[in-house]
Amino acid sequence: MAFKGLTAAVFTLATLSNAKPLRKRVSCGDGNTASNEVCCQLFPLVELIQSNLFDGGECGEEVHESLRLTFHDALGFSPTSGGGGADGSIIAFSDTELAYSANAGVDDIVDLQTQFISDNNVTISPGDFIQLAGAVGVSNCAGAPRIPFFFGRPEPTAASPDGLISEPFDSVDKILARFSDAGFSSDEVIALLSSHSVAAADTVDPTIPGTPFDSTPSLFDSQVFIEVQLKGILFPGTDDNEGEVMSPALGEMRLQSDHDLARDSRTACQWQSFVDDHDRMISAFSDAMKKMSILGHDIADLTDCSDVIPVPADLPSDAGPHLLPNKTMDDIEAACSDTPYPTLTALPGPATSISPVADS
């Protein structure tokens, strides 16, 4: 995308990594209020991110990729193998980390955010910027939670080691072990995968870049948890791609890892619990994102600046949960033995063909 009307703006952000919240909210002088005065200086940056990085507040390709980047930066963390977590090393040491196979396709958003930081003389750390952009971007997607944002991460000091980011062809055992090493339970892994509700694949099948994982890629809804549970009948592009299995509809991609996690006894019930409980889904996602966003840091050293994140719109009244057109409950491959699968009805109309996510 091209930046529109970029005006250099210098953000002289106080280094108050251990600032304590004030008892009363403070006025920022621009109509905004915050719980801590250091957060006031982030509001202009949020406006620039919305106008110049996210095309005025769209839930589009740059949002999807910015959210993905929060994972690829933060999960470069292991108590045993090293890595600084959510420290921005994927930007600061991009020559090293972008060469890792698990980071294929992340280079575009790294380049875009790096250019944005340079053009606007942004002086917050790259770790802060990655997590701020991810939280702001998600707020543009109807139905999303307002993700907490903490400010004050120091500059990264080294690249994350290779092998810490899970890949779509990894086994469930390997995925759960990797996340456990980083401090996440199996339930939190599934909560984090709520991000696939507004995600798309660019490199799994390079012949169809921008292919979403569900039929509503601009809504932060539970459709991904439903549609991954449907029987696979086709490949949306070419077959025999590593990390891909058959999906239920044209224009929709299914990752092998999602398919397997939805059907594994350790994770299937948490997966199913989000199908018809949107509030549970976004609450669990928000909590897991908060935990991920501070990996490698002591939260006591950071300032809660969640006030600067915009409030997302509600889901439209006609949003799911629902089956795809021409599907029935017989097409659901239920895998949770503890509770019955929720009864859903299909949308009217012909068989669904989902359009790729456009580059906004």
Heavy-atom closest pair, residues [X] and [Y]:
X	Y	result
Glu227	Pro248	O-CG, 3.7 Å
Cys59	Asn140	CB-O, 3.6 Å
Met253	Ala201	SD-CB, 3.4 Å
His72	Asn103	ND1-OD1, 2.6 Å
Trp271	Asp258	CH2-O, 3.8 Å
Val110	Ser94	CG1-CB, 4.1 Å

Flag the pair [X] and [Y] as a salt bridge only when some basic side-chain nitrogen lies within less than 4.0 angstrom of an acidic carboxylate oxygen.
X	Y	result
Arg153	Asp128	yes
Asp287	Lys290	no
Arg25	Asp307	yes

State whether a side-chain donor-acceptor pair under 3.5 Å links [X] with [Y].
X	Y	value
Asp304	Ser306	yes
Gln272	Asp338	no
Asn36	Thr303	no
Ser66	Gln113	yes

Any donor-acceptor pair under 3.5 Å linking the side chain of [X] with the backbone of [Y]?
X	Y	answer
Asp170	Glu167	yes
Ser286	Ser283	no
Ser218	Gly60	no
His322	Thr345	no
Asp73	Gly88	yes
Gln270	Asp187	yes
Asn120	Phe116	yes
Tyr100	Ser160	yes
Ser247	Glu252	yes

According to a hydrophobic-cluster definition based on side-chain heavy atoms being under 4.5 Å apart (Ile, Leu, Val, Met, Phe, Trp, Tyr only), do [X] and [Y] belong together?
X	Y	result
Val245	Phe225	no
Ile208	Val228	yes
Val172	Ile190	yes
Phe93	Ile90	no
Val224	Phe235	no

How many angstroms lie between [atom1] in [X] and [atom2] in [Y], if you round to the nearest 0.5 Å?
X	Y	atom1	atom2	answer
Thr123	Gln41	OG1	CD	8.5 Å
Phe77	His297	CZ	NE2	9.5 Å
Ile147	Met289	CD1	CE	4.0 Å
Glu244	Asp205	CD	CG	5.5 Å
Glu61	Leu112	CD	CG	10.5 Å
Leu53	Leu48	CG	CG	10.0 Å

If we only count heavy atoms from C-beta on, is the [X] to [Y] side-chain gap below 4.5 Å?
X	Y	result
Thr33	Cys28	no
Pro312	Phe220	no
Ser337	Ser265	no
Val308	Phe151	no
Gln256	Pro168	no
Val63	Cys141	yes
Phe184	Met292	yes
Pro145	Met281	no

(message) For Asp331 and Leu323: C-alpha separation, side-chain torsions, deciding distance, then whether side-chain contact (heavy atoms from CB on, under 4.5 Å) applies.
(response) CA-CA 9 Å; Asp331 294 305; Leu323 299 174; over 6 Å; no
(request) Just jot down the side-chain hydrogen bond (donor to acceptor under 3.5 Å, both in side chains) partners of Arg266, sequence neighbours excluded, or say none. (result)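 Residues passing side-chain hydrogen bond (donor to acceptor under 3.5 Å, both in side chains) with Arg266: Asp173, Asp264.
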(message) Just checking Phe274 against Phe285, ring centres under 6.0 Å apart?
(response)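 Phe274 vs Phe285: aromatic centres not under 6.0 Å.
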(request) Could you tell me whether Asp240 atom CG has more than 12 heavy atoms of other residues or ligands within 6.0 Å of it? (result)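 No, because the 6.0 Å sphere around CG of Asp240 holds 12 heavy atoms or fewer from other groups.
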(message) More than 12 heavy atoms of other residues, nucleotides or ligands under 6.0 Å from CG of Asp314: yes or no?
(response)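 Check fails, neighbour count at 12 or below.
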(request) Kindly indicate, with the supporting measurements, whether the criterion side chain to side chain donor-acceptor pair (under 3.5 Å) is fulfilled by Ser89 and Glu97. (result) CA-CA 8 Å; Ser89 64; Glu97 293 194 30; 2.6 Å; yes
(request) Measure up the His196 and Phe213 rings against each other and bin them: parallel (under 30°), tilted (30 to 60°), perpendicular (over 60°). (result)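 Aromatic pair His196/Phe213 classed tilted.
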(request) List for me each residue that meets salt bridge (charged side-chain N to carboxylate O under 4.0 Å, His left out) alongside Glu188, sequence neighbours excluded, and say none if there are none. (result)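 Salt bridge (charged side-chain N to carboxylate O under 4.0 Å, His left out) check on Glu188 returns Lys291.
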(request) For Tyr341 and Ile226, run side-chain contact (heavy atoms from CB on, under 4.5 Å): C-alpha distance rounded to whole Å, both residues' side-chain angles, the deciding distance at 0.1 Å, then the answer. (result) CA-CA 10 Å; Tyr341 198 91; Ile226 298 167; 4.1 Å; yes
(request) I would like to know whether Val136 and Ile309 meet side-chain contact (heavy atoms from CB on, under 4.5 Å); could you show each step before the answer? (result) CA-CA 6 Å; Val136 171; Ile309 306 302; 3.9 Å; yes
(request) Output, in order, the C-alpha distance, side-chain angles, deciding distance and verdict of side-chain contact (heavy atoms from CB on, under 4.5 Å) for Ser166 and Phe179. (result) CA-CA 9 Å; Ser166 297; Phe179 274 87; 3.8 Å; yes
